[in-house]
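One structure, as structure tokens, below. Some questions next.
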Amino acid sequence: MADAKVIPFDEDSRGRRGSGRHRPGRGRTPAPGRAADGVQPPLAAVPEDGAVPQPPQPGIPAQAAGGRPVEPPAGEPPGEPRGDLAAAVGAVADRVLGGDWERKVASGLAFLRRRVTGEYEVDEFGYDAELTDQVLMSLLRPMFGAYFRVEVRGIENIPAEGGALVVSNHSGTLPLDGLMAQVAVHDHHPAGRHLRLLAADLVFMMPLVNELARKLGHTLACAEDAEVLLERGEVVGVMPEGFKGIGKPFADRYKLQRFGRGGFVATALKTKVPIVPCSVVGAEEIYPMVGNSRTVARLLGLPYFPLTPTFPWLGPAGLVPLPTKWVIQFGEPIPTDGYPPEAAEDPMLVFNLTDQVRETIQHTLYELLVQRRSVFF
Amino acid sequence: MGVGKVVLVTGAARQLGGRFVRRIVHDPQVARVVAVDAVPPEQDLGGAEFVRADIRQPVIAKVLAQHSVDTVVHLDVTGTPLGSGGRTQVKETNVIGTMQLLGACQKAPTVQRLVVKSTTSVYGSAPRDPAVFHETTPVKSLPSGGFAKDAVEVEGYVRGFARRRPDVAVAVLRFANILGPDADTPLAEFFALPVLPTVFGYDPRLQFVHQDDVLDVLVLAAFDARRGTLNSGTFNIAGDGVLLLSQTARRLGKPTVPVLLPAVTWLGQVLRTAGVTDFAPEQIRLLTHGRVVDTTQMRDTLGFEPTYTTAETFHDFARSHGPGLLPPARLAAAVDRLAAAVPPAHGKEQGPWPTPR
């Protein structure tokens, strides 16, 4: 799929680096996250597949949308790569745009070969790492980079190794916020970590959805699965508000709902992993839920049936989310390893920690909202 | 008991029972093997003593007393009928047979050890269940019928027996789907179909255990525990790793036909009536939601390491059945030809794509 990009013909990228010729993609930003491997702060949200084909004009920054930290390569004049930084950026751009496209084709075919013969691995939760990295993430990335222009902050608060429990607010009628958080961690974390989301049982009842969710590494939100994943040292993402959060009316936006029964805190205490609060701004406005048809919801067996200004009225077109500007901020981790082993059984402590996490997220949300200039920019 | 064990094996006329009997009959720890089944075995039992007895009848108590049996290995808990006889007979043998056998064991003072074959389908399979079942996971939705329900009932009787005869070491082995070159399980029948019907929109996770590993672990459970291990209790037995149904179909080289869930239920009924396959409701649930069990207890407590992983078990099964309509080797060759058409570059290696792992 990535083969459809602008492909610089013939030359081997590495040989070309000093030539000073302008080549497509110079004006574009390098791939976020792992591709950059510490070359630049991996904070910018970048469309990789979404905004591809236009041959970039020299000097024009990669994205028109403002409100984003400065991206070093955007302002760099084309040609004359100077010094180490330029070389590194060139290498990154090559990797993204396919300096050696033959190898890309070969690896694409190798991927195809593994898929048609079934010779790939999934873990016991059904997580298909290869499919997620090479296909599903590329499908989500345009939405992440070009559509919602997600800005990721504080990604370093997720530890580079060992388990961590990312606790996030939940909003947006459809759980796009979870998927975007997953892309954020996947593409921006310097250690290339994967966020394993815990999802409602409804997800695993729906055909196709359950299949994709399992392949993306999601699993049922229950203490057993969360514990297994955390003990294995995975980063687990949970939205304790559940349906109360995602299905709340538009008037209640950015008001955190009750955080369940604090089961996530008990699990974190039991497995002694830090809790990373995560605040997502922008997801509340993608489908402004002005009403809820309880009758239809009951008929369909859903927890809520949203009525938005567009949704049932425009048919499938109503499913297009509004292109809001998102910020995902990961907060300071709250350590849990200082508590005695029996702490998970202490309801008082569990409630206090739950409140602490909830307050942190709520405050961060308010701060981010104050800083926000507009819903869409 | 220095003279060696007297082992009674039920279900000896079946593949698994027969193989188990042959496996232990020359074991130095064993003095005698008494093989029991309602029908005479087709395969050679390797010199074991065959007693034709229906475990649903009280005669089994006499057999126990006559031979002073000290180890009972109850393998006659199965999902498929042997020869003629429908589901009713299978259920009777599973449930009434177990009750009768356990009643006889309770009255037999010589019995020291009981091993019962069970299945991981006792956990059911539902979207509300955790992804990985432990031996202690509370079951959210009990199986509504079929072999799975039999197994739940059998386990219930076994627990009752263990309470009444605390001096008997009881091991319940919950096997994942047993596969191998000559396993005769419903899932093996399913994979033998030329085209695999699947449930549209679901790609279940499956776990297999190799028939040879099944024998090994039965031997481990039937004799005295090795030092540092404990072989009484309930254990999940499964090979490492997981295969998705889509993967198994590709590895077998069989096309799949996704069918909507309501239609699958109907199709299963039709196939069952036609006698093509035993597509029981619990099989459909397995092929919808999948099932994976945790095997930590098997490793740490029972001290058993399966020789075959899930993937290796499946490979062994696939090899013995020959490729299907879309042999993976041919598909791979097609891709290779495509690759050869691409101008050769720097050799084929793992790509420049960000491939984190």
Side-chain angles (χ1 to χ4, degrees), chain A residues 2 12 31 33-35 94-96 98-126 128-130 133-134 137 186-187 191-194 201-211 214-215 219-220 222-225 228, chain B residues 126-134 137 199-205 207 240-244 246-253 258 260-261 288-290 292-294 311 314 326-329 331-336 338-339 342-357:
Chain A
D12 182 9
R34 200 168 18 277
D94 267 346
R95 288 181 67 180
V96 175
D100 33 21
W101 58 280
E102 306 98 327
R103 239 203 263 184
K104 228 181 222 191
V105 170
S107 91
L109 285 170
F111 171 73
L112 182 67
R113 194 183 199 281
R114 284 193 297 277
R115 300 313 292 191
V116 296
T117 52
E119 297 296 329
Y120 52 90
E121 306 255 322
V122 298
D123 78 356
E124 65 255 49
F125 295 89
D128 190 335
E130 193 183 48
D133 288 341
Q134 306 209 351
M137 281 296 146
H186 182 269
D187 285 1
R193 305 217 57 177
H194 292 274
D201 54 356
L202 185 66
V203 167
F204 298 101
M205 289 181 196
M206 290 192 275
L208 290 178
V209 176
N210 84 91
E211 195 180 332
R214 284 258 175 243
K215 287 183 178 171
T219 190
L220 184 75
C222 62
E224 293 94 335
D225 285 3
V228 173
Chain B
R128 286 164 174 271
D129 283 321
V132 181
F133 293 103
H134 295 250
T137 307
V199 181
F200 171 77
Y202 294 87
D203 199 0
R205 297 157 295 134
Q207 241 178 351
D240 289 345
V242 165
L243 282 179
L244 298 179
S246 58
Q247 276 180 296
T248 61
R250 287 174 209 173
R251 288 180 187 202
L252 274 177
L260 286 174
L261 188 52
T288 308
H289 301 296
V292 172
V293 295
D294 176 84
F314 195 76
L326 303 168
L331 289 182
V335 176
D336 288 343
L338 202 61
V342 174
H346 317 282
K348 266 208 290 177
E349 50 189 291
Q350 276 286 94
W353 293 2
T355 42
R357 192 66 171 105

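Below, chains carry the letters A, B, ... as their sequence lines are ordered, and counting in each starts from 1.
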Under the side-chain contact (heavy atoms from CB on, under 4.5 Å) test, residues paired with A:Leu112 that sit two or more places apart |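 A:Leu109, A:Val116, B:Val335.
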Q. Between A:Met206 and chain B, which part of the residue has a heavy atom less than 4.5 Å away: side chain, backbone, both or neither?
A.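 It is the backbone, since no side chain atom gets that close.
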Would you say the side-chain atoms of B:Tyr202 pair up with the backbone N or O of A:Met205, donor to acceptor, closer than 3.5 Å?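 Yes; judged by distance alone, with no hydrogens or angles, the pair exists.
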Could you have a look at A:Phe204, A:Phe125, A:Tyr120 and say which one has the most heavy-atom pairs with chain B under 4.5 angstrom?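 So the answer, after comparing A:Phe204, A:Phe125, A:Tyr120, is A:Tyr120.
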- What is the minimum heavy-atom distance between B:Val132 and A:Glu124, and which atoms define it?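 What the structure gives for the nearest pair is CG2-CG, 3.6 Å.
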Considering only heavy atoms, which portion of A:Asp123 lies under 4.5 Å from any heavy atom of chain B: side chain, backbone, both, or neither?
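Contact with chain B is through the backbone of A:Asp123 alone.
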Tell me if a side-chain donor or acceptor on A:Arg113 pairs with a main-chain N or O of B:Asp336 at a distance below 3.5 Å.
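No: the side chain of A:Arg113 does not pair with the backbone of B:Asp336.
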task: Please identify each residue that fulfils side-chain contact (heavy atoms from CB on, under 4.5 Å) with B:Arg205, with sequence neighbours left out.
output: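 A:Arg214, B:Ala131, B:Val242, B:Leu244, B:Val292.
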Taking every non-hydrogen atom, the tightest pair across A:Leu220 and B:Arg128:
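Taking A:Leu220 first and B:Arg128 second, the nearest heavy atoms are CD2-O, 3.1 Å.
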Sort A:Leu208 into side chain, backbone, both or neither according to what part of it lies under 4.5 angstrom from a heavy atom of chain B.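 Both backbone and side chain of A:Leu208 come within 4.5 Å of chain B.
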Notebook entry, point to check: Has B:Phe200 got more than 12 heavy atoms of other residues, nucleotides or ligands less than 6.0 Å from its CZ?
Noted result: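 It does not: B:Phe200 CZ has 12 such atoms or fewer within range.
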*Picking from B:Ser246, B:Pro328, B:Gly241, B:Ala332, which has the most non-hydrogen pairs under 4.5 angstrom with chain A?*
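Among the listed options, the one with the most contacts to chain A is B:Ala332.
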Select one option (side chain, backbone, both, neither) describing which atoms of B:Asp129 are under 4.5 Å from chain A's heavy atoms.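 Contact with chain A: backbone only.
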**Message:** Given heavy-atom pairs under 4.5 angstrom as the criterion, report whether the side chain, backbone, both or neither of A:Glu224 touches chain B.
**Reply:**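 The side chain, not the backbone.
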